[in-house]
*Asks:* 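Here it is, the structure, as structure tokens.
Chain letters run A, B, ... following the sequence lines, proteins first, then strands; residues in each count from 1. Fair warning: this is a prediction, and the values are worked out from it, not measured in the lab.
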Amino acid sequence: MKYKKIKYLLLPVVAMLILPKSVLAISYNEIDTSTLINFNAIFQIGAVMNDTSNSSNLNIVIGGMIVIILILIGTAMFAPKK
Amino acid sequence: MKKNNNQPNKLFLSIIVILLYFLWPYFLTEIFKILNIEGTISLTLRLILNFCLLGIVIYTYRKDLKKYLKEFKKSNKKMMLSGLKIFIVGLIIYMLANLIINILFSNALKYYDYDSIYAVFVKVPLLSMISTILYYPIIEEIVFKKTFKEFINNKWLFVIITGLINPFFQTALTSFNNPLFIIYIIPNIILSITFSYIYYKNNNIIPGIIYRIIYNLIPTTLAFFAIINL
């Protein structure tokens, strides 16, 4: 039981070793935008950010939305009932 | 076989949620145009009103979400631990994929449109941080995963379909016209599949949301600290 708890305590240490850049950046506040962009090549923000002023985004949204709804209807029609 | 009479209602509800999610930004844009609201105020209002949409979506699925919460309270440790293994494996593969892409395509970074994401962060950093940590993980897990969970019983079909849809929009809305679009989408698919698998394995959306919040904390915190120091 005790060993298991130690394993969880090791997690932040492992995370710090994996992410030395982030730890340093946050600790020393020395990061600039170029470093940030370089860093975000490894960690992108996981969010669907839609710039509504971009007209090509509207086409993507409409096309994607139709495809999603069709997949949804398809799976609802053909999936085995619970 | 017992006929499931709720199926058409659930399908209708899912379609409404999807339509609402996609049309909401355009609805806000039109309202702001009519009221002549521009700049940082419109951005701030947009981020605040997004939480209204989140409230509507949560209210729509309140019964299921209450059930999820009840189950999560009962066995949160078990769910989080089983999710942790998947999350760590997914995150490592995701990081490796990103590293390989950046090594193979050294010019890849200049094609990626960070402007649209960081433009919002520069103008309203705190609110953007709150949105990225709380709003996006919850709403995207519900819209892109919960809506499908009602209908897909097959494990891998669910994981693959829901794992593909979210990253498609995440990448397409920033870099659809770039030749490297197909490459950018790969790491995002890996991460999205990870969250879908966590959801399916626990039959509960909450661990996936929590792990997504944890993940989003990394780039968001960096963006926040970088921008307030500009």
Side-chain angles (χ1 to χ4, degrees), chain A residues 4 7-8 11 14-15 18-19 21-82, chain B residues 1-4 7 10-11 14-15 18-19 22 25-26 28-29 95 98-99 101-102 108-109 112 114 116-118 120 131-132 136-137 140 147-148 150-154 157 161 165-166 168-170 172-174 176-177 187-188 191 212 215-216 218-223 225-227 229-230:
Chain A
K4 271 188 179 174
K7 265 205 310 192
Y8 303 137
L11 272 173
V14 175
I18 297 169
L19 318 167
K21 254 186 168 177
S22 71
V23 174
L24 284 173
I26 294 164
S27 307
Y28 297 105
N29 291 345
E30 277 176 354
I31 196 160
D32 61 16
T33 315
S34 61
T35 317
L36 178 76
I37 290 171
N38 282 325
F39 188 79
N40 274 279
I42 301 170
F43 294 100
Q44 289 118 22
I45 292 173
V48 178
M49 294 199 179
N50 185 5
D51 176 13
T52 49
S53 62
N54 188 342
S55 59
S56 68
N57 275 6
L58 183 63
N59 299 335
I60 295 166
V61 164
I62 291 170
M65 204 165 62
I66 292 167
V67 172
I68 288 185
I69 291 169
L70 286 176
I71 294 171
L72 203 64
I73 294 169
T75 49
M77 281 173 75
F78 297 108
K81 305 281 180 288
K82 282 179 186 172
Chain B
M1 193 181 279
K2 198 182 165 188
K3 203 180 172 187
N4 194 344
Q7 205 81 338
K10 281 182 177 178
L11 178 65
S14 295
I15 293 172
I18 289 167
L19 287 173
F22 281 109
Y26 292 96
L28 292 183
T29 304
M95 285 163 68
N98 268 326
L99 280 171
I101 288 168
N102 282 297
L109 283 174
Y112 199 89
Y114 286 101
S116 55
I117 297 171
Y118 291 112
V120 184
S131 285
T132 321
Y136 289 108
E140 285 177 20
T147 50
F148 283 89
E150 307 279 346
F151 310 105
I152 309 176
N153 297 322
N154 184 288
L157 194 66
I161 288 179
I165 293 168
N166 194 179
F168 169 78
F169 285 101
Q170 203 175 313
L173 292 173
T174 51
F176 191 69
N177 297 323
N188 287 331
L191 206 61
R212 196 164 162 169
Y215 167 75
N216 265 8
I218 306 168
T220 311
T221 314
L222 270 173
F225 278 100
I227 282 152
N229 281 319
L230 279 179

*Asks:* Mind listing the closest non-hydrogen atom pair of A:Met65 and B:Phe22 along with its distance?
*Replies:*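 Closest pair (atom of A:Met65, atom of B:Phe22, distance): SD-CB, 3.3 Å.
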
*Asks:* If you round to the nearest 0.5 Å, how far is OG1 of A:Thr75 from CZ of B:Phe148?
*Replies:* 6.0 Å

*Asks:* Taking side chain as everything from C-beta outward and backbone as N, CA, C, O, which of these in B:Leu191 sits under 4.5 Å from a heavy atom of chain A? Side chain, backbone, both or neither.
*Replies:* neither

*Asks:* With a 4.5 Å heavy-atom cut-off, do B:Phe151 and A:Ile71 have their side chains touching?
*Replies:*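 No. Closest side-chain heavy atoms not under 4.5 Å.
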
*Asks:* Measure B:Asn154 against the heavy atoms of chain A and call it side chain, backbone, both or neither at under 4.5 Å.
*Replies:* neither

*Asks:* Where on B:Thr132 is there a heavy atom nearer than 4.5 Å to chain A: the side chain, the backbone, both, or neither?
*Replies:*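 Contact with chain A: side chain only.
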
*Asks:* Less than 4.5 Å to any heavy atom of chain A: does that hold for the side chain of B:Ile15, its backbone, both, or neither?
*Replies:* both

*Asks:* Looking at A:Val61, A:Leu72, A:Ile62, A:Ile60, which one has more heavy-atom pairs under 4.5 Å with chain B than the rest?
*Replies:* A:Leu72

*Asks:* Report yes if some heavy atom in the side chain of A:Ile68 is under 4.5 Å from a heavy atom in the side chain of B:Phe168; otherwise report no.
*Replies:* no

